[in-house]
Amino acid sequence: MENLKKRTEELRRQINDHNKAYYVDNNPSISDREFDALMRELEDIENAHPELDDPLSPTHRVGSDLTKGFDQVVHVRPMLSLSNTYSIEEVDEWAARCNEALGRKGGFDSVPVVGEMKFDGTSISLTYKNGRLVRAVTRGDGEKGDDVTENVKTIRSIPLVLAPGSWPESFEIRGEIVLPWKEFDRINAERAFNEEPLFANPRNAAAGTLKMQNPAIVASRGLDAYFYYLLADELPSENHYDNMMAAKEWGFKVSGAMTLLHSVSAVDDFIKMWDTERRTLPVATDGLVFKVNDLRQQLNLGFTAKSPRWAIAYKFPAERALTPLRFVSFEVGRMGIVTPVANLEPVLLSGTIVKRASLHNEDIMRSLDIHDGDNLYVEKGGEIIPKITGVDEGARKPGAKPIEFVTHCPACGTALTRIPGEAAWQCPDKYGCPPQIIGRLEHFVGRHMMDIDGIGEENCAMLYNAGLVKDIADFYNLKPEQLESLDRLGKRSAERIMKGIEASKSVPFDRVLYALSIPFVGETLSRKIARQVRGLDRLMELTPEQLTALEDVGPKIAESIVEFFAYEPNRAIIERLKAAGVQTSLPEEEPGETSDRLAGKTIVISGVFAKHSREEYKEMIEKNGGKNSGSISKKTSFVLAGDNMGPAKLEKAKSLGVAILNEDEFLAMLEGEGE
């Protein structure tokens with residue numbers, strides 16, 4: 001057993017070292033396969049010998065258990081915000097004030113300053129004791145924050161146990177949790193595919209991820225962290241820069257941009273350099289921070305009520321780029337809508353290479369008046385979606401022709417039709433146009449629909465082009481040997497897909513209904529329709545008049561549903577799905593499972609909950625006759641509020657006199673104990 005214990009400790013040490021090399025130093029020393037072998041060996045030992053397990057073992061970084069809310073923790077030292085400026089001159093004035101307050105003259109010769117990046121994420125404070133992470137707390141209101149230790153443990157660039165070194169017995173280190181551009185783009189691509197709202201920017205995504213209730217999902221998001229301030233009763237040095245270099249030696253990720261500056265001109269040059277160079281960074285930044293280096297001088301300068309006098313933040317101006325247009329492509333979506341897309345000469349913008357930007361529709365394209373070969377101004381709205389904002393008409397080539405919107409489907413050649421009252425053009429060949437068919441296949445297998453593991457956007461197109469899947473029911477006829485014969489799919493991938501297809505047979509009826517791609521029938525409406533009609537057999541029989549009698553079903557939606565099921569091949573697909581074992585009806589309800597206690601009430605949910613998830617509360621509201629809403633108005637009956645309710649929603653609820661219920665009060669209401 002002693003030898004096994006030593007091997008366990010050695011494996012943890014090696015894995016922690018390799019994690020640091022990969023996530024902090026960006027210099028991996030072994031292959032992914034070798035790393036996975038070490039991890040599997042450690043997992044096997046811990047599973048066979050639970051007595052050797054450790055809550056800070058690297059095997060626990062993936063996260064597993066659903067947490068029950070977050071405890072509030074008071075900061076030992078308040079986490080104050082920084083004063084902001086958008087002017088180099090104001091940074092110079094701040095430096096002069098620091099020198100004057102410290103009795104110095106003549107620039108920074110006696111008052112060195114540290115320049116560093118201002119990462120655009122969410123602030124975090126970590127506490128270590130005896131070299132082990134014991135607590136991670138968000139900034140919160142500066143006085144207290146949320147204990148998010150379990151979620152922070154999943155971030156691989158954060159050391160859980162420090163290698164032997166000269167670190168203090170107890171210390172606090174502060175930094176920024178960020179979502180790298182690469183991960184941000186990946187997550188938003190997944191959300192777009194599943195027709196979920198996109199994250200506005202990496203900052204919002206990082207903050208939202210850190211407050212999720214399921215650490216396993218947090219682990220999958222790919223968060224990172226940079227650290228910028230060390231606090232302890234006994235620090236290794238009397239200046240900020242050397243302390244951060246020591247923290248870097250202990251295994252913390254400290255930005256390579258951190259620089260010791262000795263003059264006003266050096267500060268100005270630092271700003272000018274990073275105004276350009278920041279675009280090459282792998283994470284979002286929104287400025288720079290300057291701090292007086294000497295800790296005693298920091299102490300003498302002190303604080304205002306809101307911020308330290310010894311530090312200032314410089315914010316970068318909005319980013320915009322000019323790049324040549326290569327060509328405009330016209331792309332067909334799942335519902336046949338044709339979207340013009342500007343294909344650009346690659347340009348670096350807000351940390352990512354931008355090659356394409358949607359022009360949305362014919363009207364917007366015409367308003368921009370884009371001609372062949374134009375130079376286009378491109379921005380990232382909220383630092384997320386590339387947006388064409390204008391044309392450099394002065395650089396337009398003589399005789400360049402304006403870009404014309406297509407009149408026929410670029411995929412199948414069918415003449416396009418204009419959707420009445422809208423700017424969109426649509427290909428009417430719903431069941432013969434390949435991009436529409438593939439789009440419906442992609443939608444069907446998506447996470448909020450049938451959630452078929454192993455089949456994504458590329459695989460759907462490959463299966464369609466190979467003639468194996470022509471409609472959604474064909475997924476259930478696939479054989480392992482058919483999949484194994486395709487490029488990029490081996491035996492293991494085929495097994496994964498077959499398991500995913502089998503598991504999809506237990507997906508509940510409301511998600512199956514959403515997966516069918518009936519125009520105008522989204523996720524929320526699918527749940528409501530499913531609860532009212534109970535099954536597809538009943539839904540297919542309803543007349544337009546009967547459909548409009550259902551909650552939230554208007555004439556346009558009713559017409560769409562009737563038209564969908566009037567197409568005989570769609571009815572045949574439904575019969576094949578039934579035969580395959582897909583859930584096409586809801587199970588019989590247990591008595592008392594639904595009620596009308598919330599009938600006529602419109603309810604807004606906000607905050608983080610301990611007893612049930614937000615989705616579970618939404619389902620409770622609908623099952624009891626209520627209606628969910630995302631925004632507060634005069635029509636809102638009450639707000640179901642958890643911890644950390646959004647301040648804007650709280651203020652609006654108070655201004656409109658809307659009642660706010662906590663989850664205990666809400667659950668009591670469902671039990672008939674209150675109004």
Any heavy-atom pair between the side chains of [Y] and [X] that's under 4.5 Å?
| X | Y | result |
| --- | --- | --- |
| F666 | D664 | no |
| H75 | E143 | no |
| F290 | L261 | yes |
| V178 | L223 | no |
| S123 | M79 | yes |
| N16 | L160 | no |
| I312 | N84 | no |
| T209 | L179 | no |

Over all heavy atoms of both residues, which pair between [X] and [Y] is shortest? Give the atoms and the distance, please.
| X | Y | result |
| --- | --- | --- |
| I271 | L288 | CA-CD1, 3.6 Å |
| P55 | K153 | O-NZ, 3.9 Å |
| Y241 | N293 | N-OD1, 2.8 Å |
| V74 | K144 | CA-CB, 3.9 Å |
| R12 | P58 | CG-CD, 3.8 Å |
| W167 | W250 | CA-CZ2, 3.5 Å |

Notebook entry, point to check: Think R278 forms a cation-pi with F316, using NZ or CZ under 6.0 Å from the six-ring centre and within 45 degrees of its axis?
Noted result: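 R278 over F316 ring: yes.
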Looking only at side-chain N and O atoms, does [Y] offer a donor or acceptor that is under 3.5 Å from a partner on [X]?
| X | Y | result |
| --- | --- | --- |
| S157 | D224 | yes |
| T127 | E172 | no |
| T122 | E176 | no |
| S81 | S307 | no |
| Q297 | H240 | no |

Can you check whether [Y]'s main-chain N or O pairs, donor with acceptor, with [X]'s side chain at less than 3.5 Å?
| X | Y | answer |
| --- | --- | --- |
| R309 | F303 | yes |
| T285 | G287 | no |
| D120 | R203 | no |
| D146 | V148 | no |
| T259 | A257 | yes |
| T149 | A136 | yes |

Pairs under 3.5 angstrom only: tabulate donor-acceptor contacts from the side chains of residues 227-235 to other protein residues two or more places apart or in another chain.
unit_1: Y228; atom_1: OH; unit_2: G175; atom_2: O; d: 3.3
unit_1: Y229; atom_1: OH; unit_2: Q298; atom_2: OE1; d: 2.5

Flag the pair [X] and [Y] as a salt bridge only when some basic side-chain nitrogen lies within less than 4.0 angstrom of an acidic carboxylate oxygen.
| X | Y | answer |
| --- | --- | --- |
| E183 | R186 | yes |
| R135 | D71 | no |
| D185 | K182 | no |
| R7 | E41 | yes |
| E169 | K129 | no |
| R13 | E10 | yes |

Check: With under 30° as parallel and over 60° as perpendicular, where do the rings of Y226 and F119 fit, or are they tilted in between?
Finding: parallel
Item checked: Audit row: N239, V114, side chain to side chain contact (heavy atoms under 4.5 Å, CB included) steps and yes/no -> CA-CA 10 Å; N239 71 78; V114 177; over 6 Å; no
Distance in Å, [X] [atom1] paired with [Y] [atom2], rounded so as to fall on 0.5 Å steps:
| X | Y | atom1 | atom2 | result |
| --- | --- | --- | --- | --- |
| C460 | H443 | SG | NE2 | 11.5 Å |
| T138 | D147 | OG1 | CG | 9.0 Å |
| L52 | L11 | CG | CG | 11.0 Å |
| S504 | M449 | OG | CE | 12.5 Å |
| M258 | M117 | CE | CE | 11.0 Å |
| I217 | M212 | CD1 | CE | 4.0 Å |

Next item on the list: Would you sort out whether V111 and D294 count as a side chain to side chain contact (heavy atoms under 4.5 Å, CB included), showing the intermediate values?
Entry: CA-CA 8 Å; V111 188; D294 188 285; over 6 Å; no
Next item on the list: Apply side chain to side chain contact (heavy atoms under 4.5 Å, CB included) to L301 and C98, showing your working.
Entry: CA-CA 7 Å; L301 288 167; C98 289; 4.0 Å; yes
So does [X] have more than 12 non-hydrogen atoms from other groups sitting under 6.0 Å from [atom1]?
| X | atom1 | value |
| --- | --- | --- |
| K499 | NZ | no |
| R77 | CZ | yes |
| K355 | NZ | no |

Note to self: Tell me which one of I497, I455, N459 satisfies side-chain contact (heavy atoms from CB on, under 4.5 Å) with L483.
What the structure shows: I497
Next item on the list: Given side chain to side chain contact (heavy atoms under 4.5 Å, CB included), test L4 with I45 step by step and report yes or no.
Entry: CA-CA 8 Å; L4 200 59; I45 293 174; 4.1 Å; yes
Item checked: side chain to side chain donor-acceptor pair (under 3.5 Å) evaluation trace for S57 with E46 -> CA-CA 9 Å; S57 171; E46 292 176 348; 2.6 Å; yes
Note to self: Under 6.0 Å between ring centres: does that hold for Y314 and F270?
What the structure shows: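 No, they do not, as the ring centres are separated by 6.0 Å or more.
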